[in-house]
Amino acid sequence: MGFPPLTTVAHQWMATHLSPGQQVVDATAGNGHDTVFLAQQVGTSGHVTAFDVQAPACAATRRRLASANVSDRVTVVHAGHETMRNHVEAPIHAAMFNLGYLPRHDHTRITHPDTTVAALNAACALMTEGGLITVLAYRGHDGGPEEAQRVHDWIDARVDTLRILQSRTYSAGPDAPLLWGIQVPAA
Ligand SMILES: C[S@@+](CC[C@H](N)C(=O)[O-])C[C@H]1O[C@@H](n2cnc3c(N)ncnc32)[C@H](O)[C@@H]1O
(Lines give C-alpha, C1' and ligand atoms only; values in the text may rest on other atoms or scores of the structure.)
Protein backbone atom coordinates (compact mmCIF):
# COMPACT_ATOMS: atom_id res chain seq x y z
CA MET A 1 0.00 0.00 0.00
CA GLY A 2 1.45 3.39 -0.98
CA PHE A 3 1.71 6.48 1.19
CA PRO A 4 -0.87 9.23 0.62
CA PRO A 5 0.42 12.39 -1.09
CA LEU A 6 1.48 15.14 1.31
CA THR A 7 -1.43 17.29 0.08
CA THR A 8 -3.73 14.57 1.47
CA VAL A 9 -1.77 14.39 4.73
CA ALA A 10 -2.13 18.18 5.13
CA HIS A 11 -5.90 17.78 4.62
CA GLN A 12 -6.00 15.00 7.21
CA TRP A 13 -4.22 17.21 9.78
CA MET A 14 -6.55 20.12 9.03
CA ALA A 15 -9.67 17.95 9.12
CA THR A 16 -8.94 16.88 12.70
CA HIS A 17 -8.37 20.52 13.69
CA LEU A 18 -11.19 22.45 12.00
CA SER A 19 -14.82 22.88 12.99
CA PRO A 20 -17.83 24.49 11.31
CA GLY A 21 -18.07 28.25 11.79
CA GLN A 22 -14.33 28.95 11.87
CA GLN A 23 -12.45 31.54 9.83
CA VAL A 24 -9.42 30.25 7.92
CA VAL A 25 -6.94 31.28 5.23
CA ASP A 26 -5.74 29.53 2.11
CA ALA A 27 -2.47 31.38 1.52
CA THR A 28 -1.94 29.92 -1.98
CA ALA A 29 -5.22 29.29 -3.82
CA GLY A 30 -3.68 27.83 -7.01
CA ASN A 31 -6.26 25.58 -8.64
CA GLY A 32 -8.55 25.79 -5.62
CA HIS A 33 -8.28 22.24 -4.30
CA ASP A 34 -7.29 23.36 -0.80
CA THR A 35 -9.76 26.26 -0.87
CA VAL A 36 -12.68 23.91 -1.61
CA PHE A 37 -11.49 21.51 1.09
CA LEU A 38 -11.30 24.33 3.67
CA ALA A 39 -14.72 25.69 2.61
CA GLN A 40 -16.24 22.25 3.17
CA GLN A 41 -14.63 21.97 6.60
CA VAL A 42 -15.84 25.35 7.92
CA GLY A 43 -19.35 25.02 6.48
CA THR A 44 -21.89 27.70 5.68
CA SER A 45 -21.26 29.56 8.95
CA GLY A 46 -17.48 29.70 8.44
CA HIS A 47 -15.32 31.73 6.11
CA VAL A 48 -12.24 31.14 3.93
CA THR A 49 -10.06 33.91 2.51
CA ALA A 50 -7.92 32.58 -0.34
CA PHE A 51 -4.97 34.47 -1.84
CA ASP A 52 -3.15 34.17 -5.13
CA VAL A 53 -1.01 36.57 -7.16
CA GLN A 54 -2.06 35.06 -10.51
CA ALA A 55 -5.39 35.90 -12.15
CA PRO A 56 -5.71 32.42 -13.76
CA ALA A 57 -5.34 30.86 -10.30
CA CYS A 58 -8.07 33.08 -8.85
CA ALA A 59 -10.32 32.23 -11.81
CA ALA A 60 -9.64 28.49 -11.49
CA THR A 61 -10.36 28.66 -7.76
CA ARG A 62 -13.64 30.52 -8.30
CA ARG A 63 -14.71 27.91 -10.88
CA ARG A 64 -13.86 25.02 -8.56
CA LEU A 65 -15.72 26.66 -5.66
CA ALA A 66 -18.80 27.15 -7.86
CA SER A 67 -18.69 23.51 -9.02
CA ALA A 68 -18.52 22.38 -5.41
CA ASN A 69 -21.32 24.79 -4.47
CA VAL A 70 -19.28 26.42 -1.67
CA SER A 71 -18.66 29.93 -3.11
CA ASP A 72 -20.96 31.46 -0.48
CA ARG A 73 -18.35 31.24 2.30
CA VAL A 74 -15.16 32.15 0.39
CA THR A 75 -13.45 35.41 -0.56
CA VAL A 76 -10.83 35.00 -3.28
CA VAL A 77 -8.25 37.81 -3.08
CA HIS A 78 -6.06 38.52 -6.11
CA ALA A 79 -3.05 39.65 -4.05
CA GLY A 80 -0.01 38.22 -2.32
CA HIS A 81 -0.45 36.40 0.97
CA GLU A 82 2.02 38.84 2.51
CA THR A 83 -0.86 41.39 2.45
CA MET A 84 -3.01 39.05 4.56
CA ARG A 85 -3.47 41.52 7.39
CA ASN A 86 -5.05 44.05 5.00
CA HIS A 87 -7.76 41.55 4.07
CA VAL A 88 -8.41 39.36 7.11
CA GLU A 89 -9.43 40.24 10.65
CA ALA A 90 -8.33 38.22 13.66
CA PRO A 91 -8.99 35.62 14.81
CA ILE A 92 -8.28 32.92 12.24
CA HIS A 93 -8.17 29.24 13.20
CA ALA A 94 -5.93 27.91 10.47
CA ALA A 95 -3.86 28.77 7.42
CA MET A 96 -2.67 26.48 4.64
CA PHE A 97 0.46 27.21 2.60
CA ASN A 98 1.02 25.05 -0.47
CA LEU A 99 4.12 26.68 -1.91
CA GLY A 100 5.72 26.67 -5.35
CA TYR A 101 4.17 27.21 -8.79
CA LEU A 102 0.74 26.82 -10.33
CA PRO A 103 0.64 23.39 -12.00
CA ARG A 104 0.30 23.54 -15.82
CA HIS A 105 1.14 27.28 -15.84
CA ASP A 106 4.30 29.38 -15.79
CA HIS A 107 6.71 27.48 -13.52
CA THR A 108 8.73 30.63 -12.91
CA ARG A 109 5.82 32.32 -11.06
CA ILE A 110 6.68 30.81 -7.71
CA THR A 111 6.30 31.71 -4.07
CA HIS A 112 9.39 33.43 -2.65
CA PRO A 113 11.11 33.13 0.74
CA ASP A 114 10.71 36.78 1.85
CA THR A 115 7.00 36.97 1.09
CA THR A 116 6.36 33.46 2.41
CA VAL A 117 8.00 34.35 5.73
CA ALA A 118 6.11 37.68 5.85
CA ALA A 119 2.86 35.75 5.35
CA LEU A 120 3.77 33.18 8.02
CA ASN A 121 4.35 36.04 10.47
CA ALA A 122 1.03 37.62 9.45
CA ALA A 123 -0.79 34.30 9.91
CA CYS A 124 0.73 33.91 13.40
CA ALA A 125 -0.35 37.44 14.32
CA LEU A 126 -3.94 36.71 13.24
CA MET A 127 -4.12 33.21 14.71
CA THR A 128 -6.28 32.19 17.64
CA GLU A 129 -4.73 30.19 20.49
CA GLY A 130 -4.01 26.67 19.26
CA GLY A 131 -4.47 27.59 15.59
CA LEU A 132 -2.85 25.38 12.97
CA ILE A 133 -0.62 26.33 10.04
CA THR A 134 0.39 23.76 7.46
CA VAL A 135 3.26 24.46 5.07
CA LEU A 136 3.98 22.18 2.12
CA ALA A 137 7.25 23.11 0.42
CA TYR A 138 8.50 21.64 -2.85
CA ARG A 139 12.21 21.39 -3.55
CA GLY A 140 12.29 20.14 -7.15
CA HIS A 141 12.16 23.54 -8.88
CA ASP A 142 14.60 26.49 -9.01
CA GLY A 143 14.26 28.41 -5.76
CA GLY A 144 12.38 25.58 -4.03
CA PRO A 145 15.24 24.30 -1.83
CA GLU A 146 16.09 27.85 -0.68
CA GLU A 147 12.46 28.54 0.20
CA ALA A 148 12.10 25.26 2.12
CA GLN A 149 15.29 26.10 4.03
CA ARG A 150 13.93 29.56 4.94
CA VAL A 151 10.72 28.00 6.25
CA HIS A 152 12.79 25.50 8.21
CA ASP A 153 14.93 28.32 9.65
CA TRP A 154 11.80 30.36 10.46
CA ILE A 155 10.39 27.41 12.43
CA ASP A 156 13.74 26.64 14.04
CA ALA A 157 14.00 30.20 15.38
CA ARG A 158 10.56 29.82 17.02
CA VAL A 159 10.69 26.36 18.57
CA ASP A 160 10.18 27.95 21.98
CA THR A 161 7.00 29.77 20.95
CA LEU A 162 5.45 27.48 18.33
CA ARG A 163 4.48 23.85 18.73
CA ILE A 164 5.75 21.83 15.79
CA LEU A 165 3.26 19.02 15.42
CA GLN A 166 4.83 16.93 12.72
CA SER A 167 6.88 17.18 9.62
CA ARG A 168 7.18 14.36 7.22
CA THR A 169 8.31 13.37 3.82
CA TYR A 170 8.19 9.96 2.22
CA SER A 171 11.49 10.13 0.42
CA ALA A 172 14.87 10.98 1.83
CA GLY A 173 16.01 12.56 -1.45
CA PRO A 174 17.05 16.21 -1.51
CA ASP A 175 14.17 17.06 -3.88
CA ALA A 176 11.51 15.47 -1.69
CA PRO A 177 8.69 17.79 -0.61
CA LEU A 178 8.43 18.73 3.06
CA LEU A 179 5.29 19.22 5.12
CA TRP A 180 5.15 21.01 8.45
CA GLY A 181 2.29 21.36 10.91
CA ILE A 182 2.75 24.33 13.21
CA GLN A 183 0.50 25.07 16.15
CA VAL A 184 0.43 28.66 17.32
CA PRO A 185 0.00 29.19 21.06
CA ALA A 186 -1.48 32.30 22.69
CA ALA A 187 0.41 35.54 21.99
C1 LIG B 1 1.33 24.89 -5.56
S2 LIG B 1 0.27 26.21 -6.05
C3 LIG B 1 -1.05 26.11 -4.87
C4 LIG B 1 -1.97 24.93 -5.06
C5 LIG B 1 -3.31 25.12 -4.41
N6 LIG B 1 -3.25 25.24 -2.97
C7 LIG B 1 -4.34 24.09 -4.82
O8 LIG B 1 -4.98 23.47 -3.95
O9 LIG B 1 -4.54 23.93 -6.02
C10 LIG B 1 1.13 27.66 -5.49
C11 LIG B 1 0.40 28.95 -5.82
O12 LIG B 1 1.00 30.02 -5.08
C13 LIG B 1 0.79 31.18 -5.82
N14 LIG B 1 1.61 32.28 -5.30
C15 LIG B 1 2.86 32.66 -5.64
N16 LIG B 1 3.26 33.72 -4.91
C17 LIG B 1 2.22 34.03 -4.07
C18 LIG B 1 2.01 35.02 -3.08
N19 LIG B 1 2.95 35.91 -2.76
N20 LIG B 1 0.81 35.04 -2.45
C21 LIG B 1 -0.16 34.15 -2.76
N22 LIG B 1 -0.02 33.17 -3.70
C23 LIG B 1 1.16 33.11 -4.33
C24 LIG B 1 1.10 30.77 -7.24
O25 LIG B 1 0.54 31.68 -8.15
C26 LIG B 1 0.44 29.36 -7.27
O27 LIG B 1 -0.85 29.44 -7.81
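Every number for a ligand or one of its atoms is a count from 1 in the order of the listing. A quick note: this is a predicted structure, and the numbers were derived from the prediction, not measured. By convention here, the first residue in the shown sequence is residue 1.
- Heavy atoms of A27 come nearer than 4.0 angstrom to ligand 1 in at least one pair.
- A continuous path of Ile, Leu, Val, Met, Phe, Trp and Tyr side chains, each step under 4.5 Å between heavy atoms, connects M84 with V151, placing both in one hydrophobic cluster.
- Taking a 4.0 Å cut-off on heavy atoms, L99 registers as neighbouring ligand 1.
- What sits closest to atom 19 (N) of ligand 1 on the protein, heavy atoms only, is E82 OE1, 3.1 Å.
- A donor and an acceptor atom, one from each side chain of T28 and H81, are nowhere located under 3.5 Å apart.
- Residue contacts with ligand 1 for H105 are absent, since no atom lies close enough (heavy atoms, distance under 4.0 Å).
- Ranking the protein heavy atoms by distance from atom 15 (C) of ligand 1 puts T111 CG2, 3.4 Å first.
- Checked against a 3.5 angstrom limit, the closest N/O atoms of D34 and ligand 1 fall inside it.
- Polar contact check, Y101 against ligand 1: no nitrogen or oxygen pair lies under 3.5 Å apart.
- In terms of protein heavy-atom proximity, atom 10 (C) of ligand 1 is closest to N98 O, 3.3 Å.
- Without hydrogens or angle criteria, R73 side chain to G46 main chain gives no donor-acceptor distance under 3.5 Å.
- The CG atom of L6 sits 8.5 Å away from the OG1 atom of T8 when rounded to the nearest 0.5 Å.
- Atom numbering of ligand 1 starts at 1 in the shown order; those under 4.0 Å from a heavy atom of N31 are 7 (C), 9 (O).
- Taking a 6.0 Å sphere around CG of D142, one finds it holds 12 or fewer heavy atoms contributed by other residues, nucleotides or ligands.
- Few gaps surround CG on N86; more than 12 heavy atoms of other groups in view lie less than 6.0 Å from it.
- A side-chain hydrogen bond (donor to acceptor under 3.5 Å, both in side chains) with N98 is found for one member of T111, T134, D34 and no other, namely D34.
- Protein heavy atom in closest approach to atom 18 (C) of ligand 1: H81 NE2, 3.4 Å.
- Each of the following atoms of ligand 1 lies closer than 4.0 Å to a heavy atom of V53: 14 (N), 15 (C), 16 (N), 17 (C), 18 (C), 19 (N), 20 (N), 22 (N), 23 (C), 25 (O).
- Taken to the nearest 0.5 Å, the CG atom of D72 stands 10.0 Å off from the NE2 atom of H47.
- Between T115 and ligand 1, not a single N/O pair is under 3.5 Å apart.
- With respect to atom 7 (C) of ligand 1, the closest heavy atom belonging to the protein is A29 O, 3.4 Å.
- Close contacts between ligand 1 and G80 involve ligand atoms 18 (C), 19 (N), 20 (N) [criterion: under 4.0 Å to a heavy atom].
- Put simply, CD1 on I155 and CD1 on I164 are 5.0 Å apart, with the number rounded to the nearest 0.5 Å.
- The shortest N/O to N/O separation between T28 and ligand 1 falls below 3.5 Å.
- At the shortest separation from atom 24 (C) of ligand 1 among protein heavy atoms lies D52 OD1, 3.5 Å.
- Between the CH2 atom in W13 and the CE atom in M96 there is a gap of 10.0 Å [rounded to 0.5 Å].
- Heavy-atom contacts of G32 reach the following atoms of ligand 1: 7 (C), 9 (O) (cutoff under 4.0 Å).
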